[in-house]
Amino acid sequence: MNDRQPDLVADLMYLRKDAGCTRERFANAGAVIDVVGGRGLPLETAFERFRSAVYSLKDIPQGPALWAAYNLTGEASGDLGDRRVVYGKSIGRKLDAVRDWESRAIDVLALRLTSRFYAGAPTPADFPVPHGGFLIRDLEVVCIIKDRRFVESRQRRAVISLVEGEATFDYGTYSSTELSDVVGAELEFSRRLPGGTIHRLKLQDPAAIGELHQFSFRERVPEGEEDHQTAPGIDFSGQTFESPTLAYRVGVQFIGEQPEIVWGYDKLSRIARPGEPDGGILIPVEDGKVSAEFFQCYGGLASGVAWRWCG
């Protein structure tokens, strides 16, 4: 262990108690704040980085127990003991086992925080800043498909600048599209390239490090450029994540013809996407709508929702 880890572990244990890891209690966990970026970072940014680190523990068996203990969603009532009882009952385990899992998860969390091995972690000065200079805290996309054809999408982003004075955000597509109804930013230009289209959005003010910006837009295929070729048997609505993204929510509304089967795919290469139904998460269609949520998206990998048409 390094010198700061004993204090860090003590703070990680403290954040489990009482109502859990609220923003007010998080502000008192100095060792945790230091390891996610320091007191100079806006509290909201530091808190989101911590949530991201805890969520990354869902890849170990003990991780969900610590997520429940911290109550990071704020949905649970009561104190730590109450949350342990509820979580223990949900998985059929006794309180001793839940406490042991929490302790093991805290040790792993301390290591991930100090090694900065999670999406959105602070980067050392000599480490390349991720593509675009932004951490995407939230990305929400709703896509409308009518009789197998893309009609439009509505997208909202909450981004945190990782560099000083960043003023623009580039959004790229692999086909010809146009943006409208831009809110929270200004469309500086759209440029067609052989591989697709680049849309550059100018933020309302240059972003300081750690500053949060939110913007949204509508995306459509330009009028007269609709693809009238036979629609593929398998299609998808997804994103490729050059910028690290903490949470990505995607919804698809089908108008007219409905798909035979819908599934979610997560962290696949562009070549492998959208995978196959038996390798993904099957998603039920309700009133022509589907939705899925993904976390810790990064590294140019792709996540989203895919479907197969009948016949």
Side-chain angles (χ1 to χ4, degrees), residues 8-77 79-80 83-84 86-87 101-123 130 134-140 156-162 209-214 241 243-250 266-267 292-299 303:
L8 176 60
V9 170
D11 273 359
L12 294 175
M13 295 175 67
Y14 154 77
L15 288 174
R16 292 182 300 178
K17 299 177 180 178
D18 301 325
C21 186
T22 63
R23 283 168 174 76
E24 293 75 17
R25 300 185 74 247
F26 179 79
N28 297 322
V32 175
I33 290 177
D34 286 344
V35 83
V36 298
R39 292 285 179 178
L41 201 65
L43 182 65
E44 180 67 22
T45 302
F47 185 74
E48 290 299 331
R49 283 182 174 176
F50 180 69
R51 288 182 83 252
S52 176
V54 178
Y55 194 89
S56 76
L57 295 181
K58 291 200 171 184
D59 64 356
I60 65 171
Q62 301 84 5
L66 189 59
W67 178 267
Y70 281 142
N71 189 27
L72 283 162
T73 63
E75 297 174 351
S77 58
D79 58 17
L80 175 59
R83 293 192 295 278
R84 282 174 174 161
V86 171
Y87 181 73
W101 283 1
E102 290 175 17
S103 298
R104 294 185 189 182
I106 281 177
D107 289 339
V108 177
L109 178 59
L111 180 61
R112 290 201 182 178
L113 287 169
T114 54
S115 64
R116 299 177 175 180
F117 188 66
Y118 60 95
T123 54
F134 288 101
L135 164 70
I136 300 178
R137 191 191 71 179
D138 297 292
L139 168 59
E140 296 181 0
R156 185 192 69 81
R157 284 168 173 77
V159 303
I160 297 170
S161 179
L162 301 177
I209 292 177
E211 196 168 80
L212 178 70
H213 284 264
Q214 300 189 60
F241 292 92
S243 296
T245 300
L246 302 186
Y248 166 45
R249 287 171 287 277
V250 56
D266 192 21
K267 298 177 182 64
E293 193 169 19
F294 305 93
F295 299 92
Q296 302 280 317
C297 305
Y298 56 87
S303 300

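- Remark: Arg51 engages Glu48 in a salt bridge (Lys or Arg N to Asp or Glu O under 4.0 Å) (not counting sequence neighbours).
- Between Leu12 and Leu113 there is a side-chain heavy-atom pair separated by less than 4.5 Å.
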**Prompt:** Taking it one step at a time, do Ile106 and Arg16 satisfy side-chain contact (heavy atoms from CB on, under 4.5 Å)?
**Reply:** CA-CA 10 Å; Ile106 281 177; Arg16 292 182 300 178; 3.8 Å; yes

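- To the nearest 0.5 Å, atom CD of residue Glu44 and atom CZ of residue Arg137 are 5.5 Å apart.
- The closest donor-acceptor contact from the side chain of Arg112 to the backbone of Ser56 lies under 3.5 Å.
- Heavy atoms of other residues, nucleotides or ligands lying less than 6.0 angstrom from NZ of Lys17 number 12 at most.
- Remark: side-chain polar atoms of Arg83 are paired, donor with acceptor, to backbone N or O of Ala69 under 3.5 angstrom.
- At distances below 3.5 Å, not a single donor-acceptor pair connects side-chain atoms of Arg156 with backbone N or O atoms of Gln214.
- What you find for Val9 and Ala110 is that their closest heavy atoms are CG2-CB, 4.1 Å.
- Between Ala27 and Ile33, the closest heavy-atom pair is O-CD1, 3.7 Å.
- Remark: Asp34 CG to Leu41 CG distance equals 11.0 Å, nearest 0.5 Å.
- Summarising the geometry, atom OH belonging to Tyr70 is positioned 4.5 Å from atom CZ belonging to Phe50; distances are rounded to the nearest 0.5 Å.
- Among all heavy-atom pairs drawn from Leu57 and Ala105, the shortest one is CD1-O, 3.8 Å.
- Looking at heavy atoms from C-beta onward, Leu8 lies in side-chain contact with Val32 at the 4.5 angstrom threshold.
- Aromatic ring orientation, Trp101 versus Tyr87: perpendicular (interplanar angle above 60°, classes split at 30° and 60°).
- Distance check: Lys267 NZ to Ser303 OG gives 5.0 Å after rounding to the nearest 0.5 Å.
- Separation of atoms CD1 (Ile160) and CG (Asp138) is listed at 8.5 Å; rounding is to 0.5 Å.
- Side-chain N or O atoms of Arg23 include none that pairs as donor or acceptor with a backbone N or O of Leu43 at under 3.5 Å.
- A donor-acceptor pair under 3.5 Å links the side-chain atoms of Asn71 to the main chain of Ala76, judged by distance alone.
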**Message:** side-chain contact (heavy atoms from CB on, under 4.5 Å), that's the test. Do Leu80 and Asp18 meet it? Break it down for me.
**Reply:** CA-CA 6 Å; Leu80 175 59; Asp18 301 325; over 6 Å; no

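- Listed here is the closest heavy atom pair of Asp11 and Ala29: OD2-C, 3.2 Å.
- In this structure, Phe47 and Phe26 have perpendicular ring planes: the angle between them is above 60°, well past the 30° mark.
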**Item:** Evaluation steps, side-chain contact (heavy atoms from CB on, under 4.5 Å), between Phe294 and Val250
**Value:** CA-CA 8 Å; Phe294 305 93; Val250 56; 3.9 Å; yes

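- Taking 4.5 Å as the limit, every side-chain heavy atom of Gln62 sits out of range of all side-chain heavy atoms of Val108.
- A distance of 11.5 Å separates CZ of Arg157 from CZ of Phe134, quoted to the nearest 0.5 Å.
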